[in-house]
Amino acid sequence: MALIDTHAHICDERYSDDLDGILLRAREAGLTRLIIAAATMEESKEAIRTATEKTTDDLPLWCMAGVHPHDADGFTDGDYDQLKNWLSDRKKNRIVALGEIGLDYFYDLSQRETQILVFRRQLELAFEADVPIVLHTRDATKDTLMILEEFQRNRMLRSVPGVCHCFSGSEETAEKLLQMGFYLGFDGPITFKNSKRAPFVISMTPPDRLLTETDSPYLTPVPYRGKRNEPSYVGLVLDRTAEIKGMDREEMAAAVMDNACRLFGI
Ligand SMILES: [Zn+2]
Ligand SMILES: [Zn+2]
């Protein structure tokens with residue numbers, strides 16, 4: 001059974017002395033593909049470097065590049081040009097998506113107006129470069145949907161726009177995103193006992209639109225909750241997803257792998 005982690009921040013400094021160990025344990029856990037997540041320009045640069053240097057035949061690595069709403073305040077024209085430049089040679093750079101981009105009104109680490117501006121600029125860039133986005137949205141559903149719907153109306157959104165990663169919204173939001181063509185990504189929290197809404201959303205999401213991810217080093221699934229997360233735990237998220245869907249583990253893993261390959265063109 002082949003597994004994929006579609007969202008892991010393996011360039012995080014918490015792994016700096018253990019990167020080879022992380023990748024070894026991922027292989028042992030059955031991972032055959034991995035997408036490195038990025039949230040800042042620095043992390044994007046590291047993600048490209050790691051994906052390029054550490055990719056192997058049995059565990060090929062790809063990455064995303066983009067700026068998270070947390071860092072929107074620091075986004076410059078130079079960053080925009082750099083992203084564009086990386087995307088212009090995305091095969092070589094092993095970039096399969098622009099992300100994480102979006103809005104985060106939970107932490108509000110950047111001004112909301114700036115978050116919106118930076119989200120819009122990166123949405124334009126993704127459309128021009130014809131790459132899927134990895135959407136991060138938290139406590140900002142209304143504005144996120146408004147912007148995406150506007151882009152869709154103006155035909156500036158791909159028919160398959162990307163994945164809403166770590167989906168934690170309502171059933172209605174899920175329905176709107178699915179209708180727009182988005183995939184929904186789920187993480188460790190679906191294994192928590194008190195998790196009710198996400199499992200419900202999974203139960204209504206078609207199996208050909210589900211993705212599993214770890215968001216390592218965050219969001220560690222049970223029974224490792226409280227410890228540092230890593231890609232080798234993605235099977236726990238997959239198991240819970242299969243359980244909710246009433247599917248076999250193998251069947252679910254194959255569906256998720258197909259979905260990831262289709263969305264990211266890997
Ligand atoms: Zn995120
Ligand atoms: Zn992330």
Side-chain angles (χ1 to χ4, degrees), residues 4-15 19 22 26 31 33-48 50-51 61-75 83 95-110 112 115-116 118-119 122-123 126 131-141 143-145 147-148 161-169 173-174 177 182-192 195 197-198 201 210-221 228-234 237 260 263-264:
I4 179 165
D5 186 352
T6 56
H7 192 116
H9 296 267
I10 62 169
C11 298
D12 190 278
E13 58 184 19
R14 271 163 275 194
Y15 300 129
L19 186 58
I22 295 285
L31 274 77
R33 290 180 172 94
L34 189 152
I35 297 174
I36 306 172
T40 63
M41 291 303 290
E42 191 53 39
E43 195 179 20
S44 301
K45 192 174 141 197
E46 280 301 304
I48 293 167
T50 306
L61 309 174
W62 293 273
C63 68
M64 63 190 80
V67 174
H68 194 281
H70 286 350
D71 280 68
D73 277 345
F75 190 80
L83 285 174
I95 299 173
V96 292
L98 186 63
E100 300 180 35
I101 64 171
L103 303 173
D104 194 315
Y105 296 169
F106 181 77
Y107 287 105
D108 270 333
L109 294 187
S110 283
R112 290 189 181 179
Q115 291 189 36
I116 289 172
V118 171
F119 181 34
Q122 293 184 99
L123 277 175
V131 284
I133 62 163
V134 175
L135 177 67
H136 171 106
T137 177
R138 191 159 179 204
D139 281 8
T141 304
D143 284 359
T144 303
L145 288 175
I147 292 167
L148 290 171
V163 55
C164 183
H165 110 92
C166 193
F167 186 81
S168 61
T173 308
L177 288 168
F182 274 96
Y183 288 67
L184 302 181
F186 293 90
D187 310 64
I190 66 166
T191 66
F192 302 170
S195 170
R197 193 155 81 164
V201 172
L210 285 168
L211 291 176
T212 50
E213 45 181 58
T214 60
D215 208 10
S216 304
Y218 316 104
L219 309 179
T220 314
R228 183 185 78 175
N229 200 2
E230 61 171 70
S232 63
Y233 298 160
V234 78
V237 180
L263 173 62
F264 296 112

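Both ligands and their constituent atoms are indexed starting at 1 by order of listing.
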Specify whether an N/O/S atom of His165 falls short of 2.8 Å from the Zn ion (ligand 1).
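Yes, since at least one N, O or S atom of His165 sits under 2.8 Å from the Zn ion (ligand 1).
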
For the Zn ion (ligand 1), does an N/O/S atom of His136 lie at less than 2.8 Å?
yes

For the Zn ion (ligand 2), which N, O or S atom of [X] is at the shortest distance?
X	answer
Asp215	OD1
Glu100	OE2
His7	NE2

Does a donor on one side chain sit under 3.5 Å from an acceptor on the other, for Glu100 and His9?
yes

Ignoring hydrogens and angles, state whether a donor on the side chain of Ser232 or Glu230 is under 3.5 Å from an acceptor on the partner side chain.
yes

Main chain of Val234, side chain of Asp5: is a donor-acceptor contact present, judged purely on distance under 3.5 Å?
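The answer is no, because no donor-acceptor pair under 3.5 Å joins these two groups.
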
Please assess Phe119 against Leu148 for the test side chain to side chain contact (heavy atoms under 4.5 Å, CB included), listing each intermediate value before the final yes or no.
CA-CA 10 Å; Phe119 181 34; Leu148 290 171; 4.1 Å; yes

Scan Ile101, Leu135, Val118, Leu98 and name whichever one has a side chain to side chain contact (heavy atoms under 4.5 Å, CB included) with Leu123.
Ile101

